[in-house]
Number of protein chains: 2
Amino acid sequence: MNEGVEWALHSCLNLTWVDDGQAVTAAKLAAFYELPAAYLNKQLQALARAGILTSTSGPRGGFRLARRPEDITVMDVVAAIEGPEEAFRCEEILRQGPGGHEDVDYRTTCVISQSMRRAELAWRRELSRQTIADLKATVESRFPYTPDSTRSWFANLRT
Amino acid sequence: MNEGVEWALHSCLNLTWVDDGQAVTAAKLAAFYELPAAYLNKQLQALARAGILTSTSGPRGGFRLARRPEDITVMDVVAAIEGPEEAFRCEEILRQGPGGHEDVDYRTTCVISQSMRRAELAWRRELSRQTIADLKATVESRFPYTPDSTRSWFANLRT
DNA sequence: ATAACCTGGATATTACACATCCAGGATCGC
DNA sequence: GCGATCCTGGATGTGTAATATCCAGGTTAT
């Protein structure tokens with residue numbers, strides 16, 4: 001699994017704590033965790049293309065959440081970074097076996113493929129259950145100071 | 001996810017259909033799907049180390065299931081091939097952030113890490129539910145001829 | 001004794017994740 | 001208008017892990 005998933009989720013969470021309507025540049029989001037700015041920017045672009053963030057060009061530009069945290073699931077973020085492919089990709093080796101047919105789609109026919117897909121669906125379902133708002137609420141209940149300290153960190157940052 | 005998982009599961013299933021007590025060589029198991037024999041052999045060794053297969057040296061040697069198909073879960077096979085690592089490995093970027101502590105284990109503390117782990121547990125639980133015997137039964141009910149044709153394919157194979 | 005077969009380490013080869021860079025375009029403030 | 005800021009997207013480099021092969025050594029059946 002892509003490391004960018006971790007970066008993206010943390011960045012989304014941080015964006016919930018900055019002043020509303022305030023855009024944050026990729027450079028600042030990267031500085032928060034000392035991440036490579038150019039590469040994090042790529043991930044943020046992916047989030048923007050997926051409709052999770054909106055981006056603004058020019059001075060005072062940057063990224064902000066495109067929707068309310070309640071309407072962004074963890075699965076949305078993971079899918080935006082990881083792409084549409086499944087973790088288990090069936091290579092349809094049954095086609096090479098005896099009795100294999102050229103024109104059969106073994107990704108749907110093969111019992112093993114189905115079994116792996118079922119597990120992956122359980123994974124997706126679990127990730128879809130949690131929203132950014134849920135994560136935010138959990139963090140805030142455990143670490144009440146986080147919203148203030150995060151907001152002020154971004155406010156006081158000198159690049 | 002490792003392609004070897006697919007090979008290993010299909011090979012385990014095939015082993016349920018050969019005559020009991022009959023060992024099958026890595027070369028034969030590979031020939032069934034036209035897989036690279038030397039590489040499949042590596043995966044079979046991993047299954048043997050995990051106690052899923054037993055291996056026998058010498059003429060008439062090869063691999064066979066170490067336990068009854070009912071006692072081998074799909075998760076067992078996946079874990080043997082993939083290793084113990086989780087798909088999402090938390091890099092603990094919180095440590096690099098403001099207020100990060102050297103001595104905190106963020107893999108257990110971080111809310112995002114917990115969320116990803118919860119999803120992965122759902123995935124594992126689903127894979128643990130299915131056994132090789134379940135897969136075998138499903139295949140046999142949908143394709144009744146598979147046991148016979150598989151057994152005879154291995155019996156008639158000339159290397 | 002010999003041939004069949006697994007074992008485990010060494011060694012390519014290849015694909016992809018990770019990372020950087022740059023030219024181009026949008027936007028703001030002056 | 002102009003320059004500074006910042007996103008966009010493509011090209012490119014780098015490093016590591018998955019893929020794949022090979023071989024020397026050990027075990028066992030005939």
Side-chain angles (χ1 to χ4, degrees), chain A residues 1-8 11 15 21-31 33-64 66 78 80-83 85 87-89 91 93 154 157-159, chain B residues 1-8 11 15 21-31 33-64 66 78 80-89 91 93 154 157-159:
Chain A
M1 160 142 321
N2 213 314
E3 193 184 351
V5 169
E6 188 177 356
W7 302 359
S11 294
L15 282 174
Q22 191 90 358
V24 183
T25 69
K28 286 184 180 176
L29 286 168
Y33 296 116
E34 299 174 15
L35 302 174
Y39 193 39
L40 174 65
N41 186 46
K42 283 261 180 281
Q43 322 283 359
L44 297 174
Q45 283 181 40
L47 295 179
R49 272 192 298 271
I52 294 168
L53 302 182
T54 57
S55 58
T56 319
S57 289
R60 305 293 294 163
F63 296 89
R64 72 194 78 186
V78 170
I81 302 294
E82 287 284 283
E85 291 221 350
F88 177 84
R89 61 186 174 118
E91 295 290 346
I93 65 175
F154 278 112
L157 177 61
R158 300 271 148 260
T159 319
Chain B
M1 160 143 321
N2 214 314
E3 192 183 351
V5 168
E6 189 177 356
W7 303 359
S11 294
L15 282 174
Q22 190 90 359
V24 183
T25 69
K28 286 184 181 177
L29 286 168
Y33 297 116
E34 300 175 14
L35 301 174
Y39 192 39
L40 175 66
N41 186 45
K42 282 260 181 281
Q43 323 284 359
L44 296 175
Q45 283 181 39
L47 294 179
R49 271 193 297 272
I52 294 168
L53 303 182
T54 57
S55 57
T56 321
S57 289
R60 305 291 295 161
F63 296 89
R64 72 196 77 186
V78 170
I81 302 294
E82 287 285 284
E85 290 221 351
E86 304 196 346
F88 176 85
R89 63 186 173 116
E91 295 290 345
I93 65 175
F154 279 111
L157 178 62
R158 300 271 148 260
T159 317

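Lettering follows sequence order; numbering is per chain, from 1. All values derive from a computational prediction rather than experimental measurement.
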In terms of side-chain heavy atoms of B/S57, which of D/dC22, D/dC7, C/dC5 is nearest?
C/dC5
Please examine the side chains of A/N2 and A/V78, heavy atoms only from C-beta on, and report whether any two atoms are closer than 4.5 Å.
no
Separation of C/dA17 P from A/L40 CG (nearest whole Å)
17 Å
Does B/N2 make a side-chain N or O approach to OP1 or OP2 of D/dT19 shorter than 4.0 Å?
yes
Considering only residues two or more places apart or on different chains, which pairs with a residue in residues 35-51 of chain A satisfy side-chain hydrogen bond (donor to acceptor under 3.5 Å, both in side chains)?
none
Starting the side chain at C-beta, find the nucleotide from C/dC6, C/dC18, D/dA20 nearest to A/Y39.
C/dC18
Please check the phosphate of D/dT8 (OP1 and OP2 only) for any side-chain N or O of A/S55 closer than 4.0 Å.
yes
Out of D/dT28, D/dG9, D/dT8, which nucleotide sits closest to the side chain of A/F63?
D/dT8
Find the distance B/L44:CG to C/dC5:P and express it as a whole number of Å.
14 Å
Assuming nearest nucleotide by heavy-atom distance, tell me which of B/R89 and B/Q45 is located more 5' along DNA chain C.
B/Q45
Of the candidates C/dC6, C/dC18, D/dG9, the side chain of B/T25 sits closest to C/dC6
Take atom CG of A/L29 and atom P of D/dC6, then tell me their distance rounded to the nearest Å.
12 Å
Using a heavy-atom cut-off of 4.0 Å across all strands, would you classify B/A26 as base, sugar-phosphate, or nothing?
sugar-phosphate
In whole angstroms, the gap separating P of D/dT19 from CE of B/M1 amounts to 11 Å
Would you say the side chain of A/Q22 lies within less than 4.5 Å of the side chain of A/R60, judging by non-hydrogen atoms?
yes
If you pin A/K42 and A/R60 to their nearest nucleotides in DNA chain D, which one's is more 5'?
A/R60
Could you tell me whether the side chain of B/R64 reaches within less than 4.5 Å of the side chain of B/L53, counting heavy atoms only?
no
Given atom CD of A/Q43 and atom C1' of D/dG9, what is their separation to the nearest angstrom?
14 Å
From the options C/dC18, D/dT8, D/dG9, select the nucleotide whose nearest atom is closest to the side chain of A/N41.
D/dT8
How do B/E3 and B/T56 order along DNA chain D: which one's closest nucleotide is nearer the 5' end?
B/E3
Spacing between B/E6 atom CD and D/dA18 atom C1', to the nearest angstrom:
15 Å
For the residue pair A/V24 and A/F63, establish whether any side-chain heavy-atom pair is separated by less than 4.5 Å.
no
Atom CG of A/L35 and atom C1' of C/dT20: how far apart are they, to the nearest Å?
15 Å
Under 4.0 Å: is that the gap between some side-chain N or O of A/R49 and OP1 or OP2 of D/dT8?
no
Taking the side chain as every heavy atom from C-beta outward, state whether A/S11 and A/L40 have any pair of such atoms under 4.5 Å apart.
yes
Nearest to the side chain of B/P59, which nucleotide is it out of D/dT21, C/dC6, C/dA3?
C/dA3
In whole Å, what is the span from the CG atom of B/L53 to the P atom of C/dC5?
17 Å
